[in-house]
Number of protein chains: 2
Amino acid sequence: MEELGPFRVNSDGKTLSINNYAWNNVANILFLESPAGVGFSYSNTTSDYDKSGDKRTAEDSYTFLINWLERFPQYKSRDFYITGESYAGHYAPELAYTILENNKISNNTVINLRGVAIGNAYVDKISNDIGGYAYYWSHALISDETYVAIQSNCNLSSKVVSAKCMKAMNDASGESGDIDGYNIYAPLCHSSSSSSRFGDAIRDFDPCSDNYVYAYLNSLDVQKALHANVTGLPYDWESCSNFLPWTDEPDTVLPTIKQLISSGISFWLYSGDVDGVVPITSTRYSIKMLGLPVKNSWRPWYINSEVGGYVEEYDGLTLATIRGAGHEVPSYQPERALTMISSFLEGKLPPSS
Amino acid sequence: MEELGPFRVNSDGKTLSINNYAWNNVANILFLESPAGVGFSYSNTTSDYDKSGDKRTAEDSYTFLINWLERFPQYKSRDFYITGESYAGHYAPELAYTILENNKISNNTVINLRGVAIGNAYVDKISNDIGGYAYYWSHALISDETYVAIQSNCNLSSKVVSAKCMKAMNDASGESGDIDGYNIYAPLCHSSSSSSRFGDAIRDFDPCSDNYVYAYLNSLDVQKALHANVTGLPYDWESCSNFLPWTDEPDTVLPTIKQLISSGISFWLYSGDVDGVVPITSTRYSIKMLGLPVKNSWRPWYINSEVGGYVEEYDGLTLATIRGAGHEVPSYQPERALTMISSFLEGKLPPSS
């Protein structure tokens with residue numbers, strides 16, 4: 001409701017605006033709040049939450065999909081794509097891999113997985129750390145001195161963090177000050193901020209939209225209309241869950257991505273270029289680690305006579321950036337994001353002019 | 001008229017809006033179109049234009065100032081500051097140095113030079129080149145392959161450019177596509193663009209404002225009212241001149257800056273952080289070459305509960321960034337720019353909260 005969905009919540013937390021750049025303009029979309037314990041997804045068995053992790057998420061998501069296709073069998077023959085962002089850098093490849101493995105088992109429902117596209121994807125811890133500090137330094141968010149201290153004192157590929165490294169990392173956090181790391185140039189949500197500052201509810205990003213969605217989805221009327229929260233969850237709807245313990249989180253999913261690539265599905269990493277949390281520099285380092293040959297060289301892509309971003313096609317993987325977008329790409333650049341995802345679905349690179 | 005002046009030209013090219021963030025809120029300002037041949041500044045002796053260069057510009061600007069003070073002697077005792085941007089990274093230190101040298105000569109009018117503040121200052125060619133490519137790569141405007149090719153094939157400290165280096169540099173230009181290098185995230189001026197897209201004439205940057213100022217200053221009525229172009233120049237008013245040959249352009253003015261620092265005047269470099277032409281990375285490399293001890297560590301500065309940028313005070317030099325501003329800092333972030341320059345004039349660092 002803040003990104004690619006058909007509606008955005010207005011500042012009253014009650015009414016909606018149509019998002020003309022919703023991704024369901026170009027595909028049928030299933031939104032899955034995942035894993036159980038996030039949003040309206042839940043388990044009847046409380047102890048399930050103790051088993052939360054990457055593996056469980058992939059298995060549960062696969063089970064959901066299979067059951068959903070049994071319930072709506074008219075969609076079984078359709079092409080199927082997975083998208084997500086951020087930690088979906090883990091979820092999406094892991095689910096894709098689970099689907100492909102299960103497709104091999106006879107009598108299983110075959111899911112026609114055609115591609116995976118992940119935005120500002122967290123796929124490799126070391127790349128993310130190294131790229132993150134490089135991004136912060138080059139975007140003038142931290143000092144030369146602290147950047148040098150991190151480079152000298154931190155072995156980012158080691159689990160052990162020295163005291164000097166810890167100090168340098170803490171210095172880095174302090175030096176960047178009170179900004180939104182998910183879009184380093186966006187304004188913050190101030191209680192005093194008024195939505196009248198924002199001309200167009202969709203085109204102009206409103207930093208308080210988290211609050212509107214929170215209010216909307218926690219309204220009983222809305223929950224009733226959505227057939228959501230019928231069990232009366234003992235907590236509010238939240239976009240992320242804070243209470244789930246995590247049993248497994250591999251430092252890298254690059255091996256899984258390699259396997260997906262070799263399976264022949266379309267694999268895209270897209271990236272809003274003003275995100276400091278999983279920045280474009282980190283994504284570039286991650287791709288470099290895959291060592292893929294270049295198929296189509298880096299070039300700008302265009303929408304409305306503006307550079308919408310850049311694209312480079314590797315053998316088996318495509319990198320597409322979205323210019324001026326933060327971590328939640330369609331929130332900040334809805335039109336550019338729709339152009340990018342449309343190209344992905346059409347199996348071609350975004351427009352060259 | 002596009003940046004820090006009291007008025008902005010509206011999209012009709014005829015009428016004006018008041019700029020509430022004009023720098024003359026905090027100082028009396030003399031605008032000098034410099035050198036002769038730029039804007040309305042001219043010479044009666046055409047051959048003067050053949051002698052245009054850094055040296056001539058400093059001398060002429062000094063002569064102008066002295067004559068102006070003779071004409072308005074009530075200002076002789078005032079504190080005097082120099083600001084500028086871009087190539088003023090040459091002009092401003094050179095003029096400051098000329099002033100300080102002339103102040104030493106007995107019977108000369110003493111100009112009470114207190115400080116110099118230069119925005120996105122071009123001060124050192126090598127730093128600028130190295131920082132420029134680093135900026136383009138880290139901001140995802142060029143490919144990994146081209147960045148590596150530049151690093152491998154270009155000796156940026158040499159005058160000699162190899163064929164391989166030339167190719168890599170050309171690749172870099174092509175790869176970034178049709179963007180405004182002076183603000184890598186700003187929209188371009190399209191003939192079809194309408195000013196109605198822009199909510200607030202001052203707060204919201206209008207990419208076509210160059211055109212409005214051009215139309216305004218080339219109107220005969222305006223020229224008459226300003227007592228400008230009384231000789232009937234054989235060319236239009238332009239913000240930059242394309243016809244001036246240049247006899248001297250040192251690759252670096254860091255030695256001049258060192259001398260200014262040792263003279264005890266206040267010296268600030270400020271930088272809009274989304275400029276790709278004289279990017280913040282280049283300014284950081286230039287400052288590094290001065291080898292100054294840190295006096296006050298890097299920290300964010302604030303205006304309206306938002307990070308307005310970052311500041312680091314070195315012994316003799318202050319670096320201040322302006323968040324979300326392009327090359328022409330007050331065009332893009334007028335309020336943040338005014339906060340920054342006010343602090344400079346007050347001899348203190350920008351607000352820490």
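Computation of the quantities below employed the complete heavy-atom set of this structure, encompassing side-chain atoms and omitting hydrogens, waters and symmetry-equivalent molecules. Within every chain, numbering begins at 1; the chains are lettered A, B, ... in the order of the sequence lines, protein sequences first and strands thereafter.
Within the structure, the side chain to side chain donor-acceptor pair (under 3.5 Å) test picks out the following pairs touching residues 168-181 of chain B (sequence neighbours left out): B/S143-B/E175, B/T146-B/E175, B/K167-B/D171. Among pairs with a residue in residues 162-186 of chain B, those fulfilling ring-ring contact (aromatic ring centres under 6.0 Å, His included) read A/Y185-B/Y185, B/Y182-B/H327, at least two apart in sequence or across chains.
Ring planes of B/W137 and A/Y285: tilted class, angle from 30 to 60°.
Neither the backbone nor the side chain of B/I287 comes within contact range of chain A; no heavy atoms are under 4.5 Å apart. Neither the backbone nor the side chain of A/W301 has a heavy atom closer than 4.5 Å to any heavy atom of chain B. For a residue to count as touching a neighbouring chain, one of its non-hydrogen atoms must lie under 4.5 Å from one of that chain's; by this rule A/A325 does not touch chain B.
Shown here for A/A140 and B/T321, the closest heavy-atom pair between the two residues is CB-CG2, 4.4 Å. Scanning both residues, B/G174 and A/P300, for their nearest heavy atoms gives O-CD, 4.2 Å.
Contacts between residues 117-135 of chain A and chain B, counted as heavy-atom pairs separated by less than 4.5 Å, involve A/Y135. Scanning residues 291-298 of chain A against chain B with a 4.5 Å heavy-atom cutoff picks out A/V294, A/W298, ordered by number.
Side chains of B/L188 and A/E306 form a contact here, defined as non-hydrogen atoms less than 4.5 Å apart.
The line from OG1 of A/T281 to NE2 of B/H139 is 10.0 Å long, rounded to the nearest 0.5 Å. Rounded to the nearest 0.5 angstrom, A/L141 CG and B/R323 CZ are separated by 8.5 Å.
When each of B/I142, B/L319, B/V307 is checked for heavy-atom pairs under 4.5 Å with chain A, B/I142 comes out on top.
We find that A/D144 and B/K288 are not joined by a salt bridge, their nearest charged nitrogen and carboxylate oxygen being 4.0 Å or further apart.
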